[in-house]
Number of protein chains: 2
Amino acid sequence: MRLDANRAPLYEALERHAVRRAAAFHVPGHKGRATWDKTDAVRRYAELLPIDLTELSDTDDLHHPEGVIADAETLAADCFGAEETRFLVGGSTAGNLAMILGVCRPGELMLVQRNVHKSVVHGLMLAGARVVFLPPAVDPASGLAVVPAAETVREALRRYPEAKALLLSNPNYYGMASDLRDSIREAHERRIPVLVDEAHGPHFGRHPAFPASALQMGADVVVQSAHKMLSAMTMGAMLHLQGQLVSKSAVRQYLRMVQSSSPSYPIMASLDLARRELHTKKERSFEQALRTAEETRAGLEGTPFKALAADTTRGSYAIDPLKLVLFDATGTLDGFSLRDELERLGCIAEMADDRYVVLAFGTGTRPDDGQSLLAALKHIARTHRLEDRPAAGRREEASFFALAKELPEPVILHGEADDTEAVELGQAEGRAAGEWVIPYPPGIPVLYPGEIVTPSIRKQLERWRKQGARIQGASDTTLRTLKVLKR
Amino acid sequence: MRLDANRAPLYEALERHAVRRAAAFHVPGHKGRATWDKTDAVRRYAELLPIDLTELSDTDDLHHPEGVIADAETLAADCFGAEETRFLVGGSTAGNLAMILGVCRPGELMLVQRNVHKSVVHGLMLAGARVVFLPPAVDPASGLAVVPAAETVREALRRYPEAKALLLSNPNYYGMASDLRDSIREAHERRIPVLVDEAHGPHFGRHPAFPASALQMGADVVVQSAHKMLSAMTMGAMLHLQGQLVSKSAVRQYLRMVQSSSPSYPIMASLDLARRELHTKKERSFEQALRTAEETRAGLEGTPFKALAADTTRGSYAIDPLKLVLFDATGTLDGFSLRDELERLGCIAEMADDRYVVLAFGTGTRPDDGQSLLAALKHIARTHRLEDRPAAGRREEASFFALAKELPEPVILHGEADDTEAVELGQAEGRAAGEWVIPYPPGIPVLYPGEIVTPSIRKQLERWRKQGARIQGASDTTLRTLKVLKR
């Protein structure tokens with residue numbers, strides 16, 4: 001049984017239990033039975049609840065795996081090329097928290113890409129880290145931020161050799177992937193481990209059409225959201241480890257701390273099943289999604305819509321073929337409007353910003369999804385008479401994330417400051433932020449508590465306020481006011 | 001729609017999506033389709049994946065609820081009698097972490113019941129709290145530990161008026177519930193909030209047969225595992241807030257930090273459905289479970305097995321009728337052996353210790369479960385000829401948790417100590433522990449890093465080692481060796 005890629009040891013153990021139908025005097029309270037009155041809910045859950053189990057004699061223990069979970073994780077490590085793989089039930093969030101806490105004690109220094117997911121910043125806050133935020137590289141053609149340039153990383157490593165780790169996030173939410181090899185090599189020359197939040201790249205390296213994975217490029221700890229492109233349930237993610245620079249036992253210990261002591265077996269088993277699919281079907285796992293994405297891209301020819309591609313970026317970024325990043329080349333519809341129109345026409349996007357709509361393809365994508373999308377786009381083009389309009393010049397306005405290139409001083413972030421006051425957004429300029437501001441998606445915080453509200457940040461906040469972007473973190477999500485630290 | 005207990009607003013929003021079948025260009029990658037090859041897995045997940053959705057325009061956002069999640073949480077607050085209720089997808093673990101981090105900054109003092117779940121201690125570690133552990137009361141008849149006596153709490157409040165909170169865990173894993181009113185009143189007189197880990201009592205106060213709930217007794221923050229006795233999926237839990245002593249916004253902020261940014265919608269919707277069941281069926285939700293538990297208790301008459309009850313405890317504890325805590329009154333079979341025999345006969349228990357087997361009943365329990373249990377017990381009695389043996393006297397050996405009654409000095413716990421060494425268990429006596437030791441279940445840590453290994457602890461560890469109890473936390477789970485801090 002061990003290391004047979006065709007098996008799904010955790011899922012199979014649950015299935016055996018479900019079929020056996022022993023009398024259940026253990027949690028959960030539903031005892032595998034959908035007791036709700038209404039038929040639709042019963043139908044949705046009826047087949048799944050029998051495997052919504054708990055730690056039993058033969059279902060192992062996520063926090064100390066020795067049986068079927070250990071087997072499933074060993075198979076996953078083999079599939080993804082890690083020395084050790086840990087299943088996550090708290091999403092990539094749990095992995096990001098644990099890998100930071102596992103390498104960094106209070107007051108220790110971390111080199112961290114500026115444009116990271118909020119869960120990374122939460123990890124830095126919980127760890128009490130001193131953080132040097134590395135300014136991201138910004139692709140001048142698309143205006144999108146990617147990982148910091150290798151020179152930026154080199155300068156940071158040179159100035160802060162005491163850093164406990166370098167933390168990068170790759171690919172970005174738009175599927176732009178960078179080559180991390182130079183940065184990883186330079187960090188390793190200084191015995192500094194590299195942690196990569198690869199939440200959006202669980203499929204990387206698993207098909208020739210995809211960019212290389214962070215593990216393949218030598219990263220020490222890698223976190224992947226197996227639910228984003230693979231077939232796992234939402235909150236199903238994996239943490240991969242390799243090399244000797246990071247204490248595996250410390251990372252494991254913090255995973256025990258931040259994750260539920262009653263982890264969801266259907267989510268864990270879905271990781272096992274998603275791995276088995278990938279492990280056995282290999283590249284064929286992505287055949288339909290890739291073909292659909294390709295046909296959709298081809299179908300954009302002759303429409304006023306373009307997709308982010310080699311010719312719309314300027315730099316050495318690989319573009320994830322499973323992300324279609326659309327924009328209206330006539331400049332008529334902004335990303336938010338285009339997303340809303342698509343949704344009304346039955347095509348639901350992953351996210352939008354003021355220019356782009358991001359469409360995510362995955363193992364479950366079918367060809368007719370692409371046909372629906374093209375039909376919707378053509379309808380939108382007709383309705384807005386976009387065909388009659390000339391292509392707009394690329395907006396020259398620099399992205400918000402095109403920040404100053406110099407390294408900032410280390411900062412210790414605060415979880416939540418008590419000594420804050422709310423001021424009108426216009427009055428916040430020049431003050432230290434007292435709260436987070438996170439446009440979501442993409443979930444990149446633009447202000448951390450303690451950071452100065454620069455004029456450009458203030459302007460960008462006003463723009464988001466007018467567009468009604470969804471803001472997390474801020475107490476006034478309309479962004480009329482902002483909390484700042486009291487003087 | 002608002003506040004109609006017959007609705008399940010979150011679940012209904014997901015169902016509408018599933019029925020609409022729009023083309024999904026958002027995560028998760030499965031796009032609502034079970035793509036795995038094997039039939040049994042497809043069947044298990046096929047109906048559930050269409051509602052395994054993400055934050056869409058009409059599915060709201062757990063971390064900033066304004067739509068269907070806000071409605072579902074408002075209904076839950078109404079059902080459970082809270083001012084505010086927050087859905088948890090990371091189990092009671094997430095709630096325990098957030099309520100501690102929400103009231104306590106590094107170096108601040110917390111009064112904490114000694115016998116708490118490890119997630120509480122994890123929260124204290126992450127918060128950097130100075131902790132005074134309050135020795136639990138121990139029921140002399142059963143040897144089981146419950147919440148500290150009101151006099152213990154009073155003395156702690158008197159000595160540490162600067163405490164940021166009093167944290168209690170009630171009921172214990174065995175279903176023994178204490179009256180918290182005196183302790184809560186005394187804490188409130190000093191403006192000290194009371195946080196209660198009520199993971200095992202989500203049903204409390206919802207039927208005349210059940211003990212009062214912590215919210216009813218006046219606690220400020222209460223965490224409940226809705227999956228333990230109610231019908232939610234595993235990892236589904238709730239955090240309830242009331243009163244002015246705790247900053248609700250701080251607790252919310254830490255919930256955002258410790259929980260997944262991609263929360264599971266099937267789990268959240270199961271909270272909505274479990275609430276609706278309780279809200280509309282009310283006491284009838286528990287009719288089958290209560291009747292089955294009662295019939296099973298009655299069926300023990302004339303067998304060598306007894307259940308924990310008013311006459312087997314000595315004190316003012318209420319016994320949760322949904323927990324059947326069995327023991328072999330002849331003293332022949334210990335808890336672990338009895339559990340294993342029951343499992344072989346098709347009855348799976350919640351947990352066992354060296355004396356007891358804990359059997360949990362819930363909303364999904366059916367009368368034939370009880371009949372299976374009685375038949376299995378009679379079979380075990382016959383096989384071991386237990387009927388021929390006299391009832392054993394109560395073992396006089398004091399429970400491990402019958403600790404010294406005096407208040408210890410405050411300690412700051414360490415997440416993980418680097419300067420540790422592994423020694424033979426016998427050599428660890430008198431040393432400071434360098435790691436956790438958590439027998440699981442019940443998940444009560446018996447050693448925290450930094451605590452002294454007393455002779456009685458050493459003896460208890462040896463006992464567990466011989467019994468093969470499942471140990472979490474310790475690096476050598478066989479307990480042959482133990483990590484201690486270097487001298």
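Below, chains carry the letters A, B, ... as their sequence lines are ordered, and counting in each starts from 1. As the structure is a prediction and not an experimental result, all values here were calculated from the model.
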Does any part of the side chain of T35(B), heavy atoms only, come nearer than 4.5 Å to the side chain of R366(A), both counted from C-beta? yes

Quick check on the interface: out of M233(A), R252(A), R276(A), M229(A), who has the most heavy-atom pairs with chain B under 4.5 Å?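 Maximum pair count with chain B is reached by M233(A).
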
Under 4.5 Å, counting heavy-atom pairs only, tell me which of S260(A), P202(A), G362(A), A46(A) racks up the most with chain B. S260(A)

Do you know the tightest heavy-atom contact between T234(A) and P263(B)? CG2-O, 3.8 Å

Within the 4.5 Å heavy-atom criterion, are S231(B) and R33(A) side-chain neighbours or not?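 Result no, sub-4.5 Å side-chain heavy-atom pair not found.
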
Using a cut-off of under 4.5 Å on heavy-atom pairs, state which of V19(A), T280(A), D40(A), L230(A) scores highest against chain B.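 Maximum pair count with chain B is reached by D40(A).
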
Heavy-atom proximity to chain B below 4.5 Å, by part of T365(A):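 T365(A) touches chain B through backbone and side-chain heavy atoms alike.
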
Toward chain B, the part of A269(A) with a non-hydrogen atom under 4.5 Å: both

M257(A) versus chain B, heavy atoms under 4.5 Å apart: side chain, backbone, both or neither?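 It is both, since atoms from each part get that close.
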
Engaged part of E277(B) at the chain A interface, taking heavy atoms whose separation is under 4.5 Å: side chain

Option that, when pairs with chain A are counted at under 4.5 Å, heavy atom only, ranks first among P50(B), A232(B), P266(B), A24(B): P266(B)

Apply the test side-chain contact (heavy atoms from CB on, under 4.5 Å) to residues E66(A) and T477(B): give CA-CA distance (whole Å), side-chain angles for both, the deciding distance (0.1 Å), then the verdict. CA-CA 11 Å; E66(A) 296 176 328; T477(B) 56; 3.7 Å; yes

Non-hydrogen atoms of chain B under 4.5 Å away: do they reach the side chain of L49(A), the backbone, both or neither? side chain

Name the region of L48(B), side chain, backbone, both or neither, that has any atom closer than 4.5 Å to a heavy atom of chain A.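 For L48(B), the contact with chain A is made by backbone and side chain together.
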
Show the numbers, then the answer: is there a side-chain contact (heavy atoms from CB on, under 4.5 Å) between L273(B) and Y45(A)? CA-CA 11 Å; L273(B) 292 165; Y45(A) 286 85; 3.5 Å; yes

Are S119(A) and S261(B) close enough that a side-chain donor and a side-chain acceptor fall under 3.5 Å? no

Determine, stepwise, if the pair K118(B) / R256(A) fulfils side-chain contact (heavy atoms from CB on, under 4.5 Å). CA-CA 10 Å; K118(B) 60 186 167 159; R256(A) 286 182 201 112; 5.9 Å; no

Closest-packed option against chain B by number of heavy-atom pairs under 4.5 Å, given A376(A), G346(A), G32(A), C347(A):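 Highest number of pairs under 4.5 Å: G346(A).
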
Look at A23(A), S57(A), A18(A) and state which one has the largest set of heavy-atom pairs under 4.5 Å with chain B. A23(A)

Tell me, for V89(A) versus chain B, whether the close heavy atoms (under 4.5 Å) come from the side chain, the backbone, both or neither. both

Does Y11(A) have any ring pair (Phe, Tyr, Trp, His ring centres under 6.0 Å) partners at least two apart in sequence or in another chain, and if so, which?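 In terms of ring pair (Phe, Tyr, Trp, His ring centres under 6.0 Å), with neighbours along the sequence ignored, Y11(A) is linked to no residue.
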
CG of L373(B) to CZ of F25(A): how many Å apart, nearest 0.5 Å? 4.5 Å

Let's test your reading of the structure: which of A94(B), S475(B), S264(B) forms the most heavy-atom pairs below 4.5 Å with chain A? S264(B)

Test item: E15(B) side-chain N/O and A41(A) main-chain N/O as donor-acceptor pair under 3.5 Å: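 No.
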
Which pair of non-hydrogen atoms, one from W436(A) and one from Q253(B), has the smallest distance, and what is that distance?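 Distance-wise, the nearest heavy atoms are NE1-NE2, 3.7 Å.
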
Side chain, backbone, both or neither of L101(A) within contact of chain B (heavy atoms, under 4.5 Å): side chain

Quick one: what part of A127(B) sits under 4.5 Å from any heavy atom of chain A, side chain, backbone, both or neither? neither

Kindly give the heavy-atom pair with the smallest separation between S262(A) and K228(B), and that separation in Å. OG-NZ, 3.8 Å

Among the listed options H122(B), R44(B), E47(B), H227(B), the residue most often paired with chain A at heavy-atom distances under 4.5 Å: R44(B)

Contact part of H64(B) toward chain A, heavy-atom cut-off under 4.5 Å: side chain, backbone, both or neither?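 For H64(B), the contact with chain A is made by the side chain alone.
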
For I267(A) versus I267(B), what's the shortest heavy-atom pair and its separation?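 Scanning both residues, the minimum pair turns out to be CD1-CD1, 4.0 Å.
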
Looking at D368(B), L359(B), L126(B), V357(B), which has the largest count of heavy-atom pairs under 4.5 Å with chain A?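 Option with the top pair count is L359(B).
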
So what's closer than 4.5 Å to chain B heavy atoms on E435(A): side chain, backbone, both or neither? neither

Toward chain A, the part of Q288(B) with a non-hydrogen atom under 4.5 Å: neither

Where on T93(A) is there a heavy atom nearer than 4.5 Å to chain B: the side chain, the backbone, both, or neither?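 Just the side chain, heavy atoms under 4.5 Å.
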
Option in G370(A), G91(A), A349(A), S372(A) with maximal non-hydrogen atom pairs under 4.5 Å from chain B: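 Maximum pair count with chain B is reached by A349(A).
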
To the nearest 0.5 Å, what is the distance between OH on Y254(A) and CE on M125(B)? 8.0 Å

Working note: I348(B) + H17(A), criterion side-chain contact (heavy atoms from CB on, under 4.5 Å); need CA distance, chi angles, decisive distance, verdict. CA-CA 11 Å; I348(B) 305 178; H17(A) 253 283; 3.3 Å; yes

How many angstroms lie between atom OH of Y265(A) and atom CE of M235(B), to the nearest 0.5 angstrom?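 The CE atom of M235(B) is 11.5 Å from OH of Y265(A), to the nearest 0.5 Å.
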
Of all pairs that satisfy side-chain hydrogen bond (donor to acceptor under 3.5 Å, both in side chains), the ones with a partner from residues 19-28 of chain B, not counting sequence neighbours: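 Pairs touching residues 19-28 of chain B that pass the test: none.
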
Which bit of S270(B) comes within less than 4.5 Å of chain A, counting heavy atoms only: side chain, backbone, both or neither? both

Using non-hydrogen atoms and a 4.5 Å limit, figure out which bit of P106(B) sits close to chain A: side chain, backbone, both or neither.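 P106(B) has no heavy atom closer than 4.5 Å to chain A.
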
Chain A heavy atoms under 4.5 Å from K323(B): which part of the residue, side chain, backbone, both or neither? neither

